[in-house]
Amino acid sequence: MIERNDYLDELKKWKDKDLIKVITGIRRCGKSTLFELYINYLRKIGIPDDHIISLNLESPDYQFKDYKDLYDYVNEKIKDNDMYYVFLDEVQVVEQFEKAVDGLYIKKNVDEYITGSNAYLLSGELATFLAGRYIELKVFPLSFKEYANYFQQDGDERLHLKYVNNSSMPYALKLDDQDEIDKYLDAIYNTIIVKDIVTRRKISDTSVLKSLSEFMFSSIGNVLSVKKIADTLTSNGRNISVHTVETYLDSLVESFIFNKVSRYDIKGKQYLQTGEKYYATDVTMRYALLGRKYIDLGHILENVVYLELLRRGYKVYIGKVGDKEIDFIAENSVGITYYQVAYTVRDKDTLERELSVLDNINDHYPKFILTMDVDPEIDFNGIRKINVLDWLLEK
């Protein structure tokens, strides 16, 4: 079992707090394993087994007719006034699950933890029911640092290539070759499509959804609009409306296959309505759909940096300053940091291009250029150029 210490520490911090702990993330990213790790911790500190109630609601062992059936099952196991720790894995499969979750929350001796593999979990009834009464912990596939720790290797370029070729999904580490990994990722993708998208959205033509997914995986890190996507797919023989693209794309984002990144005009100080970018939650899933004939290392590196910023708790935007683009504006409670990402800036023109974008920002927040170049760190009038692998291993 791979230790996910950052996530585990976060759960420990919220233990016994009067809030529902909602763990979200793409299927097979490690949410259930995180529950196991946390339950092991509870046992070590003396919580008896009969006060730990853990249900995987996709298991045939737990087939509940509705939310009341689920609530009654859990409630019957609560025998005294001591604290009970209730874990409901993939809770969204139970109809009107939010009523069961709310009912258990009301009980003063229940510390409740739930997982879901779809962002809809927190955009519908649950959010309405529990406004201000839950915290969300977003779980991602393995970071590069976790990957390096697992293999007990230095995080060098060779390991990074393995990381972006062999998947960051935890179970993929146990598979022997790329063919096995691609089949495994294809199976995850199809499970998401069937369980989290097609069934809920009542989609009849899955081939259009697959074409959209393939296009999005081939366009990681490109500026896109819904109309541009619809026009491209139509020109490729898929007659698809803007509305359908919007609906299907929302579903792919809700199921955590892709992450949508909005653009922000720094000079105009406003969010832009068009021209978003999309990054994959596991970049190697594209190989399961597209094959390995083309690997865009620059955009893949952007994808890795974007996910790491999310792991570190930042809100992330694409920046626009005049007619130039900043790869990432990362914002947290401390302030803002700007990042440009380039595989290499050894070429003078490339370096000047990346520097000129950051030079156009008229504030004093930190600015970085992240590259794969193995060079000493250099400071260009306050703009720091550092090796991206060193940065990924920092925390």
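This structure is a prediction, so every number in the text was calculated from the model and none was measured.
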Are [X] and [Y] within salt-bridge range, i.e. N to O under 4.0 Å?
| X | Y | result |
| --- | --- | --- |
| K31 | D89 | no |
| D196 | R27 | yes |
| E112 | K21 | no |
| D102 | R133 | yes |
| K227 | D231 | yes |
| R4 | E10 | no |
| D349 | R353 | no |
| D111 | K107 | no |
| E254 | R200 | yes |
| R292 | D182 | yes |
| K385 | D375 | yes |
| R311 | E308 | yes |

Are H51 and K79 packed together at the side-chain level, in the sense that at least one heavy-atom pair is separated by less than 4.5 angstrom?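 No - every pair of side-chain heavy atoms lies 4.5 Å or more apart.
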
So [X] and [Y], would you call those rings parallel, tilted or perpendicular, with 30° and 60° as cut-offs?
| X | Y | answer |
| --- | --- | --- |
| Y113 | F35 | perpendicular |
| Y306 | Y279 | parallel |
| F217 | F258 | tilted |
| Y163 | H160 | tilted |

Checking [X] side chain against [Y] main chain: does a donor-acceptor pair fall under 3.5 Å?
| X | Y | answer |
| --- | --- | --- |
| S167 | A172 | no |
| K320 | G322 | yes |
| T191 | A187 | yes |
| K138 | T24 | no |
| S59 | L55 | no |
| Y71 | F97 | no |
| D250 | V253 | no |
| S219 | N222 | no |
| N236 | T232 | yes |

Give a yes-or-no answer on whether the side chains of [X] and [Y] include a donor-acceptor pair shorter than 3.5 Å.
| X | Y | value |
| --- | --- | --- |
| T244 | S241 | yes |
| K108 | N81 | no |
| E276 | S225 | no |
| D347 | T350 | yes |
| Y248 | D205 | no |
| N5 | D9 | no |
| N118 | S255 | no |
| D373 | T344 | yes |
| Q92 | E90 | yes |

Please assess D363 against Y338 for the test side chain to side chain donor-acceptor pair (under 3.5 Å), listing each intermediate value before the final yes or no. CA-CA 11 Å; D363 62 40; Y338 300 104; 2.6 Å; yes

When rounded to the nearest 0.5 angstrom, what is the spacing between CG in N381 and CG in D359?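 The CG atom of D359 is 7.0 Å from CG of N381, to the nearest 0.5 Å.
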
[Y] reachable from [X] in the ILVMFWY side-chain graph, under 4.5 Å edges:
| X | Y | result |
| --- | --- | --- |
| L19 | Y38 | no |
| L290 | M216 | yes |
| Y67 | V22 | no |

Aromatic Y184 / basic K174 pairing, under 6.0 angstrom, 45° off normal: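 Ring-cation test returns no.
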
Which residue in the set I383, T337, V334 passes side-chain contact (heavy atoms from CB on, under 4.5 Å) when paired with P366?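 The residue from I383, T337, V334 that satisfies side-chain contact (heavy atoms from CB on, under 4.5 Å) with P366 turns out to be T337.
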
More than 12 foreign heavy atoms under 6.0 Å from CD of E95: is that the case here?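 Atom CD in E95 is not packed in, count stays at 12 or less.
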
Take a 6.0 Å sphere around OH of Y365 and say whether it holds more than 12 heavy atoms from other residues, nucleotides or ligands.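 No, the 6.0 Å shell around OH holds no more than 12 heavy atoms from other groups.
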
What verdict does the side chain to side chain donor-acceptor pair (under 3.5 Å) test give for S207 and R238, after you've listed the backbone C-alpha separation in whole Å, the side-chain angles of each residue and the deciding distance to 0.1 Å? CA-CA 10 Å; S207 63; R238 286 287 185 191; 3.3 Å; yes

Shortest non-hydrogen contact between L351 and V345, atoms and distance: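 In this case the closest contact between L351 and V345 is CB-O, 3.6 Å.
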
Could you go step by step and tell me if S213 and Y189 meet the side chain to side chain donor-acceptor pair (under 3.5 Å) rule? CA-CA 10 Å; S213 298; Y189 169 81; 2.9 Å; yes

Taking the ring centre of each residue, are W14 and Y134 less than 6.0 Å apart?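 That pair fails the under 6.0 Å test.
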
